[in-house]
Amino acid sequence: MDQAGQLSELIGEIYDAALDPSRWSGVLGKAGRFVGGPVAAIFSKSPTALTGTVYYHSNDVSGPYESSISTNT
């Protein structure tokens, strides 16, 4: 499948995950691989409180990333 087809499929999967949160981990893994990254996450950061919350992450979080992630799920 070409890159445009892969992107279209990924966008469809993101919409599916918005309706079924149990899909986020797998979709984030695909999104991370699509852009060439080792991991992916959905998080928010408060600039005033200097804190952040990870809501969903790909299952392949390990190594240096694991110690810096605390989830809210």
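Pairs of residues two or more places apart, or lying in two chains, that qualify as side chain to side chain donor-acceptor pair (under 3.5 Å) and include a residue from residues 6-16 are Glu13-Lys30.
Hydrophobic cluster membership differs between Val54 and Leu50, with clusters built from Ile, Leu, Val, Met, Phe, Trp and Tyr side chains linked at under 4.5 angstrom. Residue Met1 is not grouped with residue Phe34 when hydrophobic side chains (ILVMFWY) are merged at heavy-atom distances under 4.5 angstrom, including chains of intermediate members. Ile11 and Leu19 are assigned to two separate hydrophobic clusters, defined by single-linkage of ILVMFWY side chains at heavy-atom distances under 4.5 Å.
The structure places CG of Leu28 at 8.0 Å from CD1 of Ile14, a figure rounded to the nearest 0.5 Å.
Proximity of Phe43 to His57: side-chain heavy atoms (C-beta onward) are nowhere separated by under 4.5 Å.
Qualifying side chain to side chain contact (heavy atoms under 4.5 Å, CB included) partners for Ser46, counting only residues two or more places apart in sequence or in other chains: Thr48, Ala49, Thr51. Under the side chain to side chain contact (heavy atoms under 4.5 Å, CB included) criterion, Ala17 pairs with Arg23, Trp24, Val27, sequence neighbours left out.
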